[in-house]
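Okay, structure first, notes after.
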Amino acid sequence: MMPRMIVNRHLLAAWLMLFAVAASGADPVAGDRALRLDWKENILTISGPDLPGREMRVLYIEAYCRLGAHDRKWQETTIGHRTRLVSRAEDGHSLVLECTLSDGVRVRHEIRGGADEVDFGITATNPTDKTSQAQWAQPCVRVDAFTGRDKNNYVDKCFIFLDGKLTRMPMRNWATTALYTPGQVWCPKGLDRADMNPRPLSDAVPDNSLIGCFSADEKRMMAIAFEPCHELFQGIAACLHSDFRIGGLAPGESKRVHGKIYIVPNDVEGLLRRYHKDFPEQANGAGGGRDSPKRD
């Protein structure tokens with residue numbers, strides 16, 4: 001008579017789970033380490049065990065804007081909107097938001113957290129019979145926890161790309177005068193400087209739509225990119241912006257925008273490779289200008 005084998009049911013369940021994962025080719029560690037997302041009261045919270053500061057808060061979306069912003073009071077530029085949470089995955093790694101603008105435009109945001117990035121798929125649609133003046137929008141990424149600094153001393157942790165290389169702030173041509181101060185704005189090639197944020201506007205033209213910062217220990221870097229890009233902006237609340245461009249919407253028109261937040265090791269060339277792979281249109285010189293948003 002064969003002896004009975006006594007198997008702990010919890011151990012058996014673990015074996016079966018590992019077998020299933022191995023068979024599927026999935027990486028259980030990557031799943032556990034994927035960035036988690038939550039959204040409440042206009043704040044998108046990104047969290048993860050490997051994220052410097054453990055949490056990153058994003059005012060999402062801060063504002064939708066008209067053209068002609070640089071020499072005009074801010075309240076005359078913004079278009080009223082409200083945002084609602086449509087859905088959030090049970091595992092916390094993805095969610096969907098919808099913004100409704102006061103002119104009737106609807107903007108759907110599909111946001112997914114990966115092991116070292118957050119991906120944004122944005123679709124703006126005008127279901128009305130009137131042209132929308134929604135030209136650009138502001139996701140405001142707060143980097144105080146990541147840099148270990150506050151709004152008074154975080155600037156030298158931050159960077160953009162100028163003349164083919166990463167350039168830390170404050171850099172040459174640092175502007176100090178504008179309708180509102182302080183802060184710093186960079187206008188991409190091919191766009192009208194009169195349409196930029198009413199903060200000090202640098203003469204320097206950025207190489208790409210990346211803006212970022214280093215962690216407190218300088219071992220990690222965070223970078224934001226949205227394409228099409230309207231402007232780069234170093235703000236006043238320990239924040240960084242790669243503000244995305246919509247370019248207006250005719251009746252019935254839809255446009256798409258793609259964005260990333262990278263949270264990666266301090267490897268500049270590695271970051272640029274990722275960026276050029278994710279945004280090939282920018283690498284080929286097609287990013288930026290007025291008509292660059294993809295149309296359905």
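Both backbone and side-chain heavy atoms feed into the values below; hydrogens, waters and symmetry mates do not. The structure presented is a predicted model; accordingly, all values stated were derived computationally and were not measured.
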Subject >> Matching residue for Ser209 among His230, Glu227, Arg245 - test: side-chain hydrogen bond (donor to acceptor under 3.5 Å, both in side chains) >> reply: Glu227
Original post:
Do Phe146 and Phe214 have ring centroids that are under 6.0 Å from one another?
Top reply: no
Subject >> Distance flag, aromatic centroids of Phe244 and His258, threshold under 6.0 Å >> reply: no
Please determine, by modelled atom types, if [X] and [Y] share a side-chain donor-acceptor pair under 3.5 angstrom.
| X | Y | result |
| --- | --- | --- |
| Glu55 | Ser47 | no |
| Gln138 | Asp243 | yes |
| Asn197 | Tyr180 | no |
| Asn173 | Ser202 | no |
| Asp91 | His93 | no |
| Tyr64 | Gln133 | no |

**OP:** Spell out, yes or no, whether Val107 and Leu59 are grouped together once hydrophobic residues are joined by side-chain heavy atoms under 4.5 Å, including indirect joins.
**Re:** no
**OP:** Using modelled atom types only, decide if a donor and an acceptor are shared between the side chain of Asn153 and the backbone of Asp150 within a distance under 3.5 Å.
**Re:** yes
Quick one: does [X]'s side chain get under 4.5 Å of [Y]'s, heavy atoms only?
| X | Y | answer |
| --- | --- | --- |
| Arg199 | Phe233 | yes |
| Trp186 | Glu231 | no |
| Thr176 | Pro200 | no |

**OP:** Kindly determine whether Met221 and Val268 satisfy side-chain contact (heavy atoms from CB on, under 4.5 Å), including the steps that lead there.
**Re:** CA-CA 9 Å; Met221 58 198 313; Val268 177; 4.2 Å; yes
**OP:** Using a cut-off of 6.0 Å, state whether more than 12 heavy atoms not belonging to Arg149 lie near its atom CZ.
**Re:** yes
